[in-house]
Amino acid sequence: MKPPFYMRYIILMVVCAILGVGIVFQMVRINYSSSAQELIDKSANYQGFEETIYPPRGTIYDRNGHVLATNQIAYEVGIDLKFVSDPESIAFSAASLLELDYADVFSQASTLQNGEDEYRYFVLASYVDEETVNELQALKESYSERRQEQGTSTPSLSGLVWTGMEQRSYPEGKLASNVLGFYNYFSRETAQGVYGIEETYNRLLTGQPESIFMPNDPYQVEALPDIDNGASLVLTIDRDIQAMIEKELADAIEWSGAEGGTIIVYDPENGDILGMASTPTFDPNEYWTYKETFPNPTPYNRAIGDAYEPGSVFKVITMAAALDAGVVEPSTTYEDTYGVYWVENTWPIYNWDGGAWGEQDMVGCMQHSLNVCLAHIAVDLLGEEEFYKYIQAFGFGRSTGIDLAGEANYPLRLPDNNQWVVVDLATNSFGQGIAVTPIQMVMAVGAIANDGQMMVPHLVRSVVDNGQQYDVASQVMGNPISAETAQTLTSMLTTTMEEEASQALVAGYSLAGKTGTAEIPTELGYTSTETNTSFVGWGPSDDPQFVVYVWLEKPSISKWGSEVAAPIFSDVVEKLVVLMKIPPDSVRVKSSAE
Amino acid sequence: MKKRLLQAHKQSPWRVQLQWIGLFLLAVLLVATITGLYLSVNGQAAAAGRSVQWLESDIEDTTNEISDLMTKLAKAQSSEKMAAQAEELGFHLLDPENAVYIVVPGFDPDSPVVLAPPRANTVINTPLIQDSYTSSLWDWFVTNIWRGSDTASGGGN
């Protein structure tokens with residue numbers, strides 16, 4: 001006997017079976033339908049997104065750990081249309097605080113309300129400072145309180161959002177800007193270091209950006225891969241020395257009426273650049289203005305990028321070559337009878353004052369800066385082969401290899417060049433007809449200050465990477481002269497400074513040095529009224545710890561290096577010995593003896 | 001005539017039905033338990049994943065904040081500010097003629113700044129994430145139970 005309601009059970013069973021089969025059938029149909037692939041492809045858009053992670057750019061320190069370049073927070077302010085409820089308030093706040101156009105912002109903020117694409121994000125402003133963002137936040141909160149009090153839905157800044165981002169910052173402003181360069185951070189994808197250290201060490205400072213997939217499904221989230229941060233750099237620059245020479249240079253240009261200049265402080269023992277000042281300068285925090293400050297063809301850093309005829313400072317090199325070659329000794333004499341030296345009886349060379357100085361020894365030739373004497377040494381005693389051999393040994397005619405972008409080099413005109421004439425040998429001996437950069441002069445003179453050993457100038461002292469500090473080893477460029485020659489020449493130039501009662505002297509310190517006054521070549525020949533004035537010196541003479549090079553371009557107050565560049569050298573050294581903690585000679589010698 | 005063998009005694013039909021129902025419910029319970037465990041673990045993993053996302057974001061924010069504070073500190077200690085403060089306090093750059101020098105044995109005025117330990121040849125071999133965080137229940141079973149029992153039984157040979 002069948003149970004009661006048997007048919008109802010059967011019908012129910014059949015209906016459930018049909019439903020079940022129908023569900024399974026529909027699932028199979030959907031999975032294999034023509035729209036299935038379209039749905040799968042669309043779903044891929046919501047699975048996540050590719051993001052490039054940029055590691056923080058490395059910090060740049062001076063030799064004592066003071067920060068010269070680092071990063072700070074800035075904000076990108078935008079509109080997330082999904083949450084906009086009051087476009088007018090957003091437009092008003094953007095116009096007043098971000099200085100944007102009210103109509104443009106209102107139009108963008110109203111996009112959703114106009115029925116257009118709802119999933120859009122507009123960037124209103126990039127690199128907004130924290131202070132402005134704090135004002136926006138305060139405004140947002142005050143609107144929120146007002147809405148609560150009044151029970152209304154406006155005003156509201158809902159939809160106005162901001163995201164933190166990294167911005168390069170130079171806390172010292174203009175200080176060392178010619179050395180540091182700058183980082184053009186506006187476009188993150190194409191940003192890179194420009195000029196100076198930022199460009200030379202761009203890859204090291206940047207680190208290794210990495211693209212990774214960021215899933216929206218939290219179950220698929222994994223920890224981000226370890227990405228190497230940008231390395232940090234410790235420079236050889238001393239911030240206090242840099243500030244001092246920049247101030248001295250600015251003051252010097254003001255009182256001398258010079259068009260520009262450079263001052264370099266260099267450690268001859270290891271090639272460290274302790275300070276490098278150049279004009280013009282600018283604030284790398286506003287790097288987009290650099291073209292206004294450096295119109296073409298103004299070099300970014302004159303110390304390495306500007307080649308010029310050095311004038312009489314170059315006599316130091318000629319004399320070094322002559323002493324080392326053994327063609328002269330300090331007591332060797334030269335008879336300056338007429339104040340003129342004839343090159344192959346064709347080209348006359350005159351002294352700076354057009355006068356004759358009679359019999360002079362080599363110390364006298366340097367002291368009185370006699371062009372005729374040095375021309376005689378180069379042409380008659382050294383000869384072209386020896387002279388240019390030494391010039392090249394001192395590094396002229398090629399780059400120094402300093403780790404700064406933008407180094408210039410003017411090739412030497414050598415005897416094998418068909419434009420070379422023998423008068424070039426004579427004029428080169430006193431620094432005319434040859435173009436050098438200040439850093440080339442400093443490196444070469446550094447050899448004389450360092451017992452004949454010439455060190456490659458460099459600006460990076462250490463690299464800090466992955467939590468470890470690597471010191472950069474000093475490099476020897478060469479030994480153009482012997483230690484004995486270097487010491488002899490240093491002694492000679494110390495004597496010349498003392499006997500000349502030079503304006504470059506600093507009380508209590510024995511210094512060696514040479515002034516330079518160079519005529520400037522033009523299309524019509526050399527100028528006689530405008531000059532490049534310079535002074536190169538080192539000390540203390542018995543144990544040189546610094547080389548200082550001063551160059552001023554076309555000073556109007558006086559055309560002579562002895563009157564313009566020499567006093568600046570003295571002012572710089574007077575402060576430098578305090579900053580470098582170098583006692584006067586009397587104290588230093590006494591403490592060494594003890 | 002075929003003989004039909006009948007059991008003298010058999011379980012009553014309702015008992016058989018109960019047994020089938022019981023077995024079915026046991027299976028359902030087992031599936032439900034495993035499903036529940038799976039959902040629980042996945043839920044925790046998803047929550048952990050979400051925490052990881054938030055923490056990564058926090059790390060980035062903190063890193064940015066550290067950089068920002070370093071910048072503020074550097075600006076507050078800039079050469080210009082320090083010089084101005086020194087001047088306000090009545091300090092001026094020392095005149096070398098008026099300086100008093102004291103010889104301190106072993107003092108190096110140019111000691112290099114140390115921002116990090118020097119380079120060392122150390123290699124860390126320990127993996128940061130242990131296997132127990134990434135292996136599945138089956139992997140654990142195979143490694144520790146299945147292969148572990150094999151090792152235990154064959155270990156004496």
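All chains are named by letter (A, B, ...) in the order of the sequence lines, taking the proteins before the strands, and each is independently numbered beginning at 1.
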A:D251/A:K247 ion pair, N-O < 4.0 Å: yes
Residue selection (most heavy-atom pairs with chain B, distance under 4.5 Å) from A:H66, A:E130, A:M580: A:E130
Looking only at the side chains, is there a donor atom on one of A:Q242 and A:E172 sitting less than 3.5 Å from an acceptor on the other? no
Which atoms of A:P583 approach chain B - backbone, side chain, both or neither, heavy atom under 4.5 Å: both
Mind checking whether A:V67 and B:T71 have side chains closer than 4.5 Å, heavy atoms only? no
A:Y61 and A:S232 have their tightest heavy-atom pair at CE1-CB, 4.0 Å
For B:S57 and B:Q53, indicate whether the former's side chain and the latter's backbone hold a donor-acceptor pair under 3.5 Å. no
Are A:E248 and A:K575 close enough for a salt bridge, meaning some N to O gap below 4.0 Å? yes
Region of B:L93 in contact with chain A, defined by heavy-atom distances below 4.5 Å: side chain
Residue A:I582 versus chain B: region with a heavy atom under 4.5 Å: backbone
Taking all heavy atoms of A:A231 and all of A:V463, pick out the closest pair and write down the distance. CB-CG1, 3.9 Å
Looking at chain A, which one of B:L69, B:L73, B:L94 has the largest number of heavy-atom pairs inside 4.5 Å, strictly under? B:L94
Which residue out of A:I73, A:V578, A:L68, A:D62 racks up the most heavy-atom pairs below 4.5 Å with chain B? A:I73
Interface residue of largest heavy-atom contact number with chain A, from B:V114, B:L115, B:D68, under 4.5 Å: B:D68
Output the option from A:M244, A:R461, A:E574 having the highest count of non-hydrogen pairs under 4.5 Å with chain B. A:R461
A:T70 versus A:S169, side-chain donor and acceptor atoms under 3.5 Å: no
Using heavy-atom distances under 4.5 Å, tell me whether B:K72 contacts chain A through its side chain, its backbone, both, or neither. side chain
Honestly, the part of B:A45 sitting under 4.5 Å from a heavy atom of chain A is both
Under 4.5 Å from any heavy atom of chain A, what part of B:T63 do you find: side chain, backbone, both or neither? side chain
So what's closer than 4.5 Å to chain B heavy atoms on A:R588: side chain, backbone, both or neither? neither
Part of A:Y170 lying under 4.5 Å from any heavy atom of chain B: neither
Top of A:A243, A:G508, A:G467 for chain B proximity - count of heavy-atom pairs under 4.5 angstrom: A:G467
Counting neighbours of CG on B:L39 that are heavy atoms of other residues, nucleotides or ligands and sit closer than 6.0 Å, is the number greater than 12? yes
